[in-house]
Amino acid sequence: MSADAGRPAFVDLHTHSTASDGTLPPEGVIEAAERCGLTALALTDHDTIDGVPAARSAGERLGIRVIAGVELSAFQGEHEVHLLALHLTHLEGLEKRLSELRASRYTRAQKIVDKLNTLGIPLTLDEVLQQSNGGAVGRPHVARALIARGMVHDFRGAFTKYLGNAGSAFVAKEHLSIEDAIAIAHEAGALAIWAHPGDGGRRERLELLIAAGLDGLEIKHPGHSSEDVKRLQALADFFNLVPSGGSDWHGAPDGSRRLGMMNVPLKWLERQDEKVASVASSQSAP
Ligand code: AMP
Ligand code: ZN
Ligand code: FE
Ligand code: FE
């Protein structure tokens, strides 16, 4: 469905499905996008593009443009940085790299379970894998398994007590450098966008990422304060970075994150399209 004439068109460029730690299948995410009147949506599951074909066919059926993306977790020094690779086009080499990252997620889930067992919680890896059901496994699946066992009441409890950075069963991810993450995005023909930089999105760190090839900034995100948005917008303007934004929706029907809530203008997606086209034409030039 195209936007009604005169009505602003909105997009959402950060979402998760059951291919990783979201709760709705990819087609369910697109159906929700239709219900809230979005014209385009980027599926950006953690370390996987398995949801993209189903999202694409639902998008064709419902007249919603689907942008292929993936969210990578990387490190800039000791800072964990999430990177959105948006507008993936060359998928050949990408899948192999993503499958390695998913294998390390699996090993990490095992380590988290081992730590929980040491703490006297008799959770098994199978219970966690039942929650991820073949998708890229992450801490939210461990949280759901803990809730299912009645060990904690909710996500907040699971992350505060056990799974968050200060939790007693925290296990860091494998170290992927931000430079390598940006290279993965570029090799797949995608734009490299710094996801939810938040308060960490300051000039000094940003300059290092731009030197490594960063293309854009996620300005609008539910975790950002209005100060963050202002600062990130100014930085994007100053460094000529493409803007991005999204709800980081994981499928919850209510609560603080809702699909489309960030009112990301279609114009921002058009800026990204122009950037993708200019990179492609500079690469094909003799
Ligand atoms: P992982 O990729 O396994 O490190 O898990 C990261 C995901 O866990 C994020 O994308 C969120 O969906 C979720 N998450 C991280 N921190 C929290 C928290 N404090 N409360 C609830 N969910 C969280
Ligand atoms: Zn997530
Ligand atoms: Fe993230
Ligand atoms: Fe995300």
Side-chain angles (χ1 to χ4, degrees), residues 12-24 26 29 42-51 69-76 79-86 98 101-113 115-116 125 128-129 131-133 135-147 152-176 178 181 185 192-201 216-224 228 244-252 254-259 262:
D12 193 316
L13 303 176
H14 189 159
T15 66
H16 296 272
S17 74
T18 48
S20 65
D21 57 5
T23 53
L24 287 180
V29 177
L43 188 69
T44 55
D45 276 306
H46 302 278
D47 298 332
T48 181
I49 48 172
D50 287 353
V70 67
E71 182 172 14
L72 303 172
S73 309
F75 286 86
Q76 181 182 28
H79 301 288
E80 185 168 337
V81 171
H82 289 187
L83 191 82
L84 293 172
L86 285 186
L98 294 181
L101 293 171
R102 293 196 297 274
S104 89
R105 281 183 166 274
Y106 183 94
T107 312
R108 171 174 174 248
Q110 176 68 69
K111 285 184 188 159
I112 294 174
V113 167
K115 273 200 170 180
L116 288 167
L125 182 61
V128 175
L129 299 178
Q131 298 292 336
S132 61
N133 196 23
V137 64
R139 287 179 289 168
H141 301 116
V142 184
R144 286 178 206 148
L146 286 168
I147 294 166
V152 291
H153 288 298
D154 52 20
F155 258 56
R156 183 190 286 258
F159 276 87
T160 307
K161 212 166 169 194
Y162 301 115
L163 306 172
N165 290 24
S168 51
F170 176 73
V171 178
K173 282 204 193 103
E174 188 200 333
H175 194 103
L176 173 71
I178 187 65
I193 312 274
W194 186 356
H196 48 77
D199 189 45
L217 281 183
E218 187 173 54
I219 296 171
K220 291 187 171 214
H221 182 277
H224 287 169
D228 290 333
S244 196
S247 60
D248 205 353
W249 194 51
H250 283 69
D254 45 30
S256 60
R257 291 194 183 183
R258 284 162 292 107
L259 186 66
M262 300 316 299

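Order of listing sets the numbers, starting from 1, for every ligand and every atom in it.
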S.K.: Within the stated cut-off of 2.8 Å, is an N/O/S atom of E71 closer than that to the Zn ion (ligand 2)?
M.R.: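 Here the distance criterion (N, O or S atom, under 2.8 Å) is not met by E71, so no.
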
S.K.: Under 4.5 Å between any side-chain heavy atoms of K161 and L146, yes or no?
M.R.: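 In short, these two side chains do not touch, never coming nearer than 4.5 Å.
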
S.K.: Using distance alone, determine whether S73 and ligand 1 share an N or O pair under 3.5 Å.
M.R.: no

S.K.: Please determine which of R102, R108, R105 meets the salt bridge (Lys or Arg N to Asp or Glu O under 4.0 Å) test together with D47.
M.R.: R105

S.K.: Tell me, which N, O or S atom in E71 is closest to the Fe ion (ligand 3)?
M.R.: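 Of the nitrogen, oxygen and sulfur atoms in E71, the Fe ion (ligand 3) lies nearest to OE2.
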
S.K.: If you measure only the distance, is there a donor-acceptor pair under 3.5 Å linking the side chains of H14 and E71?
M.R.: yes

S.K.: Could you check atom 14 (N) of ligand 1 against the protein and tell me its nearest heavy-atom contact, residue, atom and distance included?
M.R.: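 The closest one turns out to be F159 CZ, 3.4 Å.
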
S.K.: Return the name of the atom in H82, of element N, O or S, nearest to the Fe ion (ligand 3).
M.R.: ND1

S.K.: If the contact criterion is a heavy-atom separation under 4.0 Å, does R105 count as touching ligand 1?
M.R.: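 True for this residue.
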
S.K.: Pick one of side chain, backbone, both or neither for how K173 approaches ligand 1, counting any non-hydrogen atom pair under 4.0 Å.
M.R.: side chain

S.K.: Contact between ligand 1 and H16 is defined here as a heavy atom of the residue under 4.0 Å from a ligand atom; is it met?
M.R.: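 No; H16 lies far enough from ligand 1 that no heavy-atom distance drops under 4.0 Å.
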
S.K.: Relative to ligand 1, is H46 under 4.0 angstrom through side chain, backbone, both or neither, heavy atoms considered?
M.R.: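 Under 4.0 Å from ligand 1, H46 contributes side-chain atoms alone.
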
S.K.: Against heavy atoms of G138, which atoms of ligand 1 measure under 4.0 Å?
M.R.: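 Once the distances to G138 are compared, the set is 3 (O).
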
S.K.: Is the shortest heavy-atom distance from the side chain of L98 to the side chain of L72 under 4.5 Å?
M.R.: yes

S.K.: Taking only heavy atoms of P140, which atoms of ligand 1 are found under 4.0 Å from at least one of them?
M.R.: 5 (O), 7 (C), 8 (O), 12 (O), 13 (C)

S.K.: Name the one of M262, H82, H196 that satisfies side chain to side chain contact (heavy atoms under 4.5 Å, CB included) with D248?
M.R.: H196

S.K.: Has K115 got more than 12 heavy atoms of other residues, nucleotides or ligands less than 6.0 Å from its NZ?
M.R.: yes

S.K.: Would you kindly say whether H250 and D21 are connected by a side-chain donor-acceptor distance under 3.5 Å?
M.R.: yes

S.K.: Using a strict cut-off of 4.0 Å, indicate which atoms of ligand 1 neighbour a heavy atom of F155.
M.R.: 21 (C), 22 (N)

S.K.: Any N/O/S atom, backbone or side chain, of H46 lying under 2.8 Å from the Zn ion (ligand 2)?
M.R.: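 An N, O or S atom of H46 is closer than 2.8 Å to the Zn ion (ligand 2), so yes.
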
S.K.: Checking one value in my table: which N/O/S atom of D21 lies closest to the Zn ion (ligand 2)?
M.R.: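 For D21, the N/O/S atom sitting closest to the Zn ion (ligand 2) is OD2.
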
S.K.: For ligand 1, note which part of D21 has a heavy atom under 4.0 Å away: side chain, backbone, both or neither.
M.R.: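 The part of D21 near ligand 1 is the side chain, not the backbone.
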
